[in-house]
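Convention: sequence-line order gives letters A, B, ...; per-chain numbering from 1.
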Amino acid sequence: DGGITQSPKYLFRKEGQNVTLSCEQNLNHDAMYWYRQDPGQGLRLIYYSQIVNDFQKGDIAEGYSVSREKKESFPLTVTSAQKNPTAFYLCASSTNRYNEQFFGPGTRLTVL
Amino acid sequence: SQELEQSPQSLIVQEGKNLTINCTSSKTLYGLYWYKQKYGEGLIFLMMLQKGGEEKSHEKITAKLDEKKQQSSLHITASQPSHAGIYLCGAGLNNAGNMLTFGGGTRLMVKP
């Protein structure tokens with residue numbers, strides 16, 4: 001079945017560590033997105049990518065990094081520079097920037 | 001303040017009652033998307049509205065986009081416990097194909 005998968009579902013990190021969240025899609029979508037969700041604040045865009053080997057910063061990119069080496073994959077690295085990384089992270093994809101976005105199940109990151 | 005304001009932030013209704021959630025912007029909405037989210041999970045697409053005055057329905061959920069394309073409402077008729085969750089609106093706020101901006105969400109609880 002086509003869809004978006006994210007792993008792991010839960011992730012615990014010690015302060016000072018970098019962690020990488022996985023996002024894979026088999027929908028043949030060109031565009032992929034990473035959002036952060038905090039209680040009561042909706043979704044905030046971290047990074048997005050329209051095509052392979054290209055990505056752009058969103059509204060809250062500081063402390064995060066991404067890569068887009070394959071169309072199917074858009075991993076997000078939360079670096080130690082991110083001061084408040086505890087949040088729910090959602091990955092999405094779409095056929096292009098204008099269309100409906102399909103979301104993965106999310107990864108909950110907790111910093112210990 | 002957020003570019004997309006949702007109201008109310010939370011709502012508790014008795015099963016069988018009708019309810020309305022609003023999504024308001026100070027800018028013209030270019031494509032308005034309604035999503036539903038169960039706590040700790042990804043977003044499920046409900047409906048998309050593009051034209052001023054457009055109205056769409058799916059089962060007991062109806063969404064409208066006002067003529068000026070600056071406000072959308074989501075109406076649930078005869079609510080059921082299965083309707084409980086977080087409802088988010090997302091919209092393009094730039095006719096050049098900007099990323100989706102999301103509202104803060106409305107948390108709905110339906111008491112049996």
Side-chain angles (χ1 to χ4, degrees), chain A residues 2-11 21-25 27 29-50 55-61 86-110, chain B residues 1-11 21-25 28-51 54 56 58 63 72 74 85-108:
Chain A
I4 302 178
T5 57
Q6 291 185 241
S7 61
K9 187 169 179 64
Y10 300 97
L11 187 57
L21 282 60
S22 169
C23 178
E24 303 278 334
Q25 55 98 1
L27 300 168
H29 285 171
D30 293 307
M32 297 187 74
Y33 315 81
W34 273 106
Y35 293 94
R36 170 182 172 138
Q37 186 178 32
D38 295 282
Q41 294 192 37
L43 275 63
R44 292 184 291 169
L45 183 66
I46 304 173
Y47 268 98
Y48 65 97
S49 168
Q50 290 179 268
F55 48 83
Q56 305 295 328
K57 293 182 178 180
D59 299 322
I60 55 166
T86 295
F88 190 55
Y89 291 87
L90 286 159
C91 178
S93 69
S94 68
T95 53
N96 58 53
R97 296 172 67 185
Y98 308 88
N99 285 357
E100 167 198 345
Q101 294 183 14
F102 294 79
F103 284 81
T107 293
R108 184 165 299 279
L109 172 63
T110 303
Chain B
S1 63
Q2 293 184 334
E3 292 182 290
L4 275 187
E5 294 282 348
Q6 280 188 241
S7 62
Q9 289 185 339
S10 63
L11 191 56
I21 298 168
N22 293 304
C23 177
T24 302
S25 171
T28 298
L29 302 173
Y30 296 98
L32 188 288
Y33 300 79
W34 282 102
Y35 289 88
K36 180 184 176 184
Q37 183 184 29
K38 293 286 190 182
Y39 180 76
E41 298 180 8
L43 276 64
I44 304 298
F45 171 75
L46 295 176
M47 276 172 278
M48 181 190 76
L49 305 165
Q50 283 193 308
K51 299 177 182 177
E54 187 174 8
K56 289 186 177 179
H58 176 67
S72 178
L74 186 82
I86 302 171
Y87 290 82
L88 294 112
C89 64
L93 299 181
N94 184 323
N95 198 25
N98 198 7
M99 297 297 101
L100 289 185
T101 298
F102 285 87
T106 295
R107 185 179 297 272
L108 172 64

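- Per-residue heavy-atom pair counts under 4.5 Å with chain B were compared for A:Q56, A:R44, A:Q37, and the maximum is reached by A:Q37.
- For B:K56, the NZ atom is densely surrounded, since the number of other residues' heavy atoms within 6.0 Å is greater than 12.
- Both the backbone and the side chain of B:L43 come within contact range of chain A, each with at least one heavy atom under 4.5 Å from a heavy atom of that chain.
- Take A:D30 and apply the salt bridge (Lys or Arg N to Asp or Glu O under 4.0 Å) test, not counting sequence neighbours, and it matches A:K71.
- Not counting sequence neighbours, the partners of B:T106 by the side chain to side chain donor-acceptor pair (under 3.5 Å) test are B:Q6.
- Side-chain atoms of A:L43 and B:Y35, non-hydrogen and from C-beta on, never get closer than 4.5 Å to each other.
- Annotation: A:Y10, atom OH; neighbour count of heavy atoms from other residues, nucleotides and ligands within 6.0 Å does not exceed 12.
- There is no contact between B:Y87 and chain A, counting heavy-atom distances below 4.5 Å.
- Closest heavy-atom contact between A:L90 and B:Q37: CD1-NE2, 4.0 Å.
- Taken from CD in A:E100 to CE in B:M47, the straight-line distance is 12.0 Å, to the nearest 0.5 Å.
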